[in-house]
Protein chains: 2
Amino acid sequence: MDEIFKPSRRTFLRGSAAIAAGTVAGQAAAQGTPDPKITELQDWASYTGVGVDETPYGLPIRFESDVIRRNVEWLTASPISSINFTPIHALDGTITPQGCAFERHHSGAIELSKDDYRLMINGLVDRPLVFTYADLERLPRENHVYFCECAANTGMEWAGAQLNGAQFTHGMIHNMEYTGVPLRTLLREAGLDAAGDLADKWVYVEGADASSNGRSIPMEKALDDVLVAFKANGEALRMEHGYPVRLVVPGWEGNMWVKWLRRVQVTDMAVGSREETSKYTDVYENGIARKWTWVMDAKSVITSPSPQMPITHGQGPLVISGLAWSGHGQITRVDVSKDGGITWETARLGKQGDTKALTRFYLDTDWDGSPMLLQSRAIDETGYVQPTKDQLREKRGENAVYHNNCIQTWFVNEEGVAENVEVS
Amino acid sequence: MDEIFKPSRRTFLRGSAAIAAGTVAGQAAAQGTPDPKITELQDWASYTGVGVDETPYGLPIRFESDVIRRNVEWLTASPISSINFTPIHALDGTITPQGCAFERHHSGAIELSKDDYRLMINGLVDRPLVFTYADLERLPRENHVYFCECAANTGMEWAGAQLNGAQFTHGMIHNMEYTGVPLRTLLREAGLDAAGDLADKWVYVEGADASSNGRSIPMEKALDDVLVAFKANGEALRMEHGYPVRLVVPGWEGNMWVKWLRRVQVTDMAVGSREETSKYTDVYENGIARKWTWVMDAKSVITSPSPQMPITHGQGPLVISGLAWSGHGQITRVDVSKDGGITWETARLGKQGDTKALTRFYLDTDWDGSPMLLQSRAIDETGYVQPTKDQLREKRGENAVYHNNCIQTWFVNEEGVAENVEVS
């Protein structure tokens, strides 16, 4: 076996040509002594491990026990009508595992079996219908990866930098591969085509839970890409994500993605339900509310480094990583700034994003140990550019809670510790 | 509220124009009586459910407790050197959740922390290097969805139809979104470029577990798309999938995707390790073995209906669903036969497949209640057509275990019960 060297800063520098962003000089750098983790026989190479029959359904290894959904105590009046947050700071790639994908309940997650499940299509249709779960499985289905973002994501940040972590400022989002039947298929089964001018029509959708969480959706969207979904990331929806059936409303606020979907009523006007009047509307400074703010505009956040993910390895090569998304379609570009928005570098996209799905971006860079004001700025296929917080406030004031898609700033100090701040 | 009808065969037929494949006439069909699941207030709409703080990391709902990895008792001499199977019959879409993705261990799954993790690059390189986990996180990373298939998948079927379920005949496969550093980046860090003619070179890769499971990989592949991966479906690899780091060798047999990766040695010849000589070689009838059967050729299987997924709803609309994949690139077409390969219909692809990743296909059809001999046949971007079992046997005899990518046949009887059979 060859003599073993620890990587030193000098050797990494020599080899750096092939690496776009620079060189690695990790924690093992510049030490001359042998590393017993390499030179000695390790315990785990000396015994047999866990067998294949011991984990019929697996969970994360115990070392990852902090990669979990979390709520914010002062935000949570009652856990059954509240939210928790995806640990986006600790994830990479684009898919969110169901096990740690954020959940929002209006009256708690209910346990509803496939046998007990019914979906009614009624209202202005020729043939009101009731579908069982087995009925849904007999209709042509589709697969799509979509993000689901709560309208209140980043909502605590309107008045100033409050929550110190990407999980809490931006974690009301997840991104999964859904399998389901297009809603238009069910509406047409019920004879919608004969129901008159569709341009004036709406659907009112509600869930089987006590809150029912009813929302109105214009017919144009209902007939476009809305899915009646029964799988996420290949397997059945989890109880907390609406088992056995939820609505998927691509690009639109998460509140409309009704869980435990029980009814779709065709109407000739919006219902004006509680969840679209007293809640989920955006109030301007003058008390007037914006109506129908359904689409989630382009947005992004740097997930690492971030307050929960400090730089621990000192100067040198650094991967800045984050997520971008737009309810209007694909993300076409993400820029990253290290100086609070004065200068920008174009980030590398992990892969071309699906439409209305999370896109991972990276900036492979070198950190000289200077403080940074890290920002990311997403641009979508419509040309829309993610705004600053000041730009948003100028339009909407500071009364708002929902639809805060502003550029986020993390201050990173010389020690690599990151903090949620604002820049003007 | 409108009067509520159960869907009847007649009303579904009238509404069928909008549905490509026909009409739904589910278990609730043609009954005239009200359904109390719709007309009565249900329990789950009367109480509050589970709160957001009760599932920091979620598991499937109890109703899905049979959607788990399973092994086959007579195949499993010792669970620490054996295999279990993904419940592909019960999944849809393309992503496999880590929790139910098949695992194969040669000496059991080991528990190795990020702090204890080291990766050595040695052999014919200018600068042997040791990387810590933190070092790997500082290098430019990529995201790709790839399938991982055990060479022995379907291996019990060479001599005849044996295992009665898609989970057991084809479940040694999973498909995940990996995040990792290209192996070529690490090799170039170690100064590979100066090491002479790369065309003659190999890498020998091994794991930190007791088996070490060493395999030789030609340099051309090592420099192409091989990843040193640390995330799958966004989160850390599970212990049983190689936490914290595994090799991803796209399109090639799963045995080469070394888990708990500890060493990559550059050599000028293949090592001829146990796992590439006495195991994982294909023996012809005459005793001669095929050498280096790395790539997984195009293959497909119908996951529903299948022995574990009978048709329970009788005649009428039926979604035939399955998976197709090729180690040579994209799947371009999948055909489905109901008569044992005499006539074929082209299936609908769930979405255009990623390269070297699972592709979901559907045939939206009507079942008249006649017995069927269901088959699927995958075609990949090279034009390769998945062969019949007889065609494979003609070339390779019946001594083989590995690389059985033959067309699978399910016999479906008048009751909708499916069975693993062969046709000639």
Side-chain angles (χ1 to χ4, degrees), chain A residues 2 4 7 11 15 18 24 26-28 37-38 44-45 48-53 56-58 61 64 68-69 79-80 82 84 91-93 95 97 99 103 107-110 112 118 122 127-129 132 134-135 138 140 143 177 179 188-189 210 231 233-236 238-239 243 317 350 364, chain B residues 2 7 11 15 18 24 26-28 37-38 44-45 48-53 56-58 61 63-64 68-69 79-80 82 84 91-93 95 97 99 103 107-110 112 118 122 127-129 132 134-135 138 140 143 177 179 188-189 210 231 233-236 238-239 243 317 350 364:
Chain A
D2 296 278
I4 303 305
T11 57
V24 165
Q27 61 193 47
K37 296 288 183 211
I38 279 290
W44 45 85
T48 50
V50 173
V52 295
D53 52 358
Y57 198 100
I61 196 168
E64 300 290 310
I68 51 173
R69 298 186 277 230
I80 54 164
S82 191
N84 60 24
L91 304 181
D92 210 311
I95 292 290
E103 14 160 5
S107 54
I110 61 169
L112 174 56
R118 298 291 186 278
N122 72 332
R127 298 182 294 281
L129 290 176
T132 64
D135 289 337
R138 304 179 68 181
N143 302 305
E177 182 193 44
T179 301
R188 286 172 180 162
E189 275 286 335
K231 305 258 177 171
N233 296 341
E235 67 184 350
R238 298 288 170 85
M239 180 172 79
Y243 182 94
D364 307 306
Chain B
D2 296 277
T11 58
V24 165
Q27 59 193 48
K37 296 289 183 208
I38 281 288
W44 45 87
T48 51
V50 173
V52 295
D53 52 358
Y57 199 100
I61 196 168
F63 306 131
E64 299 291 310
I68 51 173
R69 298 187 278 231
I80 55 165
S82 192
N84 60 23
L91 304 181
D92 209 309
I95 292 290
E103 13 160 5
S107 54
I110 60 169
L112 174 56
R118 298 292 185 279
N122 73 333
R127 297 182 296 281
L129 291 175
T132 64
D135 289 337
R138 303 179 68 182
N143 302 306
E177 182 193 41
T179 301
R188 284 171 182 163
E189 275 286 333
K231 304 257 178 174
N233 295 343
E235 67 183 351
R238 299 286 170 87
M239 181 171 81
Y243 182 93
D364 307 306

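Sequence lines set the chain letters: A, B, ... in the order given, protein chains first and strands last, and positions in each chain run from 1.
- The candidate from A:Ile110, A:Asn84, A:Thr179, A:Val50 with the greatest count of non-hydrogen atom pairs under 4.5 Å with chain B is A:Val50.
- Between chain A and the options B:Lys231, B:Glu103, B:Arg238, the largest number of non-hydrogen pairs under 4.5 Å is found for B:Arg238.
- Using a 4.5 Å cut-off between heavy atoms, A:Ser107 contacts chain B through both its backbone and its side chain.
- The two residues B:Leu91 and B:Pro97 come nearest to each other via the heavy atoms CD1-CD, 4.4 Å.
- Closest approach of B:Tyr57 to A:Arg69, counting heavy atoms only: C-NH2, 4.2 Å.
- Using a 4.5 Å cut-off between heavy atoms, A:Tyr243 contacts chain B through its side chain alone, with no backbone atom that close.
- Your options are A:Gly350, A:Ser82, A:Pro79, and the one with the most heavy-atom pairs under 4.5 Å with chain B is A:Pro79.
- Residues meeting the side-chain hydrogen bond (donor to acceptor under 3.5 Å, both in side chains) test with A:Lys37, sequence neighbours left out: B:Asp116.
- Highest contact tally toward chain B, considering only A:Gly93, A:Gly99, A:Gly108, is held by A:Gly99 [criterion: heavy-atom pairs under 4.5 Å].
- The line from CG of A:Asp135 to CZ of A:Arg118 is 9.0 Å long, rounded to the nearest 0.5 Å.
- Residues B:Arg188 and B:Arg127 approach most closely at O-NH2, 3.9 Å, considering heavy atoms.
- Your options are A:Asp92, A:Asn233, A:Leu112, and the one with the most heavy-atom pairs under 4.5 Å with chain B is A:Asp92.
- Residues meeting the side-chain hydrogen bond (donor to acceptor under 3.5 Å, both in side chains) test with B:Glu177, sequence neighbours left out: A:Thr94.
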